[in-house]
2 protein chains.
Amino acid sequence: MEDAISILRRCDIQPTPQRIAVVECVLTSKSHPSADDVFSGAREKCPTVSRATVYNTLNLLVEKGLLRMQTMKEGAVVFDPNIEKHHHFIDEETGAIYDIPWDQLEVKGKRGLNDFEISEYQVILRGRRKKK
Amino acid sequence: MEDAISILRRCDIQPTPQRIAVVECVLTSKSHPSADDVFSGAREKCPTVSRATVYNTLNLLVEKGLLRMQTMKEGAVVFDPNIEKHHHFIDEETGAIYDIPWDQLEVKGKRGLNDFEISEYQVILRGRRKKK
DNA sequence: AAACATTCTTGACACCGTCTAAATTAGTAT
DNA sequence: ATACTAATTTAGACGGTGTCAAGAATGTTT
Ligand SMILES: [Mn+2]
Ligand SMILES: [Mn+2]
Ligand SMILES: [Zn+2]
Ligand SMILES: [Zn+2]
C-alpha cells in the first residue's frame, strides 16, 4: 500500500498531519464512509483536526481524482476510495454499500439513447444481503 | 387524468385542500421535483399550506405507493410520480433528470450475485443531453 | 352546543455542508 | 535568527433539508 505522504505529494497537495490522517482513513477504507465517518476516524489519528479541514481535504481528493463522491442514500453523500468503474448494491436493512465488479453486470441498449451523451453510468441494486 | 380527490379517496387519505394541492402539483409533474419545488407549487394553489404538511403528504403518498422517493443528486431527495420501473439519466450541466423507459436498457449478469437478494435495481446514467 | 378526532400550522430542532475571519503553521528572504 | 509572506487550519456562523411537538383550526358526532 502506497504511503499517504507519497499519495499527497504525487497530487501536488502539501502533506500536513491533518491531510495525512484524512487520507489514511478514507483511502484505506474498504467501505463507503460518510464525511462524518471520516471525521471520526481522522480525529483518532489527529485529535485536533476540524470538520472544515476534513471537508476541504475530501473535496480536494475528489478534485484530484483519488476519490469519488456518490449520492446513493439520503442524508449524506458517501466517499468511494474505489475509483475503478463499478456498480453498487445497497442493503436496505443495514444501509451497507457493496461494490459490484464492473464486468459482473452487462448493460445493453445504450444505442437507443440518441438524445443523450453518456459520460458515465452505473447500476444501483437494492435488497438485502443473504446471510449464509 | 384522474381527479386528485379520487386518487386520495382511493388510498384512504382524506382529501383536504392542502393535500389536494400537493397531489395536483406532484402527480401531474412530468419532472422529478424536490420537496421544496412541491412546496412552492402547492403554495400557489393553497397559499396557506405549510412546509410540514407538504412533507407529511409527500411521505404519505410514498407510503401508499403513489410516489417514489429517489436519491440521485446531493442536497435533496426528489419525488418521482412515475412509479413504473424505469431508469434515469441526469444531465450534469442542468441537473435535469430524465426517465429512461425500462425496456430501453437490458441489464444482464445478475447470476453472479448469489450473495444478494435483489429487490429492485436501476441504471443511473450521467452526461449531458444533446441539444438538437 | 359540547365533545371528540383529525388535520394543519408554527416554530424549534438536529443534521449536512459551506463559508469567513482569525489564528496557527510553514516557507522564504534578509 | 528574525522578519515577512503565503498556505493551512480552526472555530463558529450560516443556509438548507427534513423531522418533531404543541397548540390552533377544522370537521364530525352526540
Ligand atoms: Mn457510515
Ligand atoms: Mn428542482
Ligand atoms: Zn464503490
Ligand atoms: Zn423517474
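Below, read A as the first sequence line, B as the second, and so on, with proteins coming before strands; counting in each chain starts at 1.
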NZ/NE/NH1/NH2 to OD/OE distance under 4.0 Å, A:Glu117 and B:Lys130:
no
Should the pair A:His88 and A:His32 be assigned to parallel (<30°), tilted (30 to 60°) or perpendicular (>60°) ring geometry?
perpendicular
Among C:dC8, D:dT17, C:dG17, find the nucleotide with the atom closest to the side chain of B:Tyr55.
D:dT17
Atom pair distance, as rounded to whole Å: CG in A:Leu58 and P in D:dT9:
12 Å
Quick one: pull up CG in B:Asp3 and CD1 in B:Ile20 and give me the separation to the nearest 0.5 Å.
8.0 Å
What integer distance in Å separates B:Met69:CE from D:dT17:P?
15 Å
A:Ile13 CD1 to C:dA26 P, in whole Å, measures 18 Å
Taking CZ from B:Arg51 and C1' from D:dG15, how many angstroms apart are they, rounded to a whole number?
12 Å
Roughly, in whole Å, what's the span from CG in A:Leu60 to P in D:dA7?
14 Å
Grab the CG-C1' distance between A:Asn56 and C:dT18 for me, whole Å please.
9 Å
Can you tell me how far apart CG (B:Asp80) and CE (B:Met72) are? Round to the nearest 0.5 Å.
6.5 Å
Under 4.0 Å between any heavy atoms, over every strand shown, what does A:Ala52 touch: base, sugar-phosphate, or nothing? Just pick one.
base
Quick one: pull up CG in A:Asn56 and CZ in A:Arg51 and give me the separation to the nearest 0.5 Å.
13.0 Å
Distance below 4.0 Å between A:Asn59 side-chain N/O and C:dG17 OP1 or OP2:
no
What parts of residues 17-50 of chain B reach DNA chain C, counting only heavy atoms under 4.0 Å away?
B:Gln18, B:Arg19, B:Thr48, B:Val49, B:Ser50
Closest to the side chain of B:Thr16, out of C:dT7, C:dG17, C:dT9, is C:dT7
Quick check on C:dT7: is either OP1 or OP2 less than 4.0 Å from any side-chain nitrogen or oxygen of B:Gln14?
yes
Please round to the nearest 0.5 Å and tell me the distance separating atom CZ of A:Arg68 and atom CD of A:Glu84.
10.5 Å
Do A:Ile13 and A:Val23 sit in the same hydrophobic cluster, where Ile, Leu, Val, Met, Phe, Trp and Tyr count as joined when their side-chain heavy atoms come under 4.5 Å apart?
yes
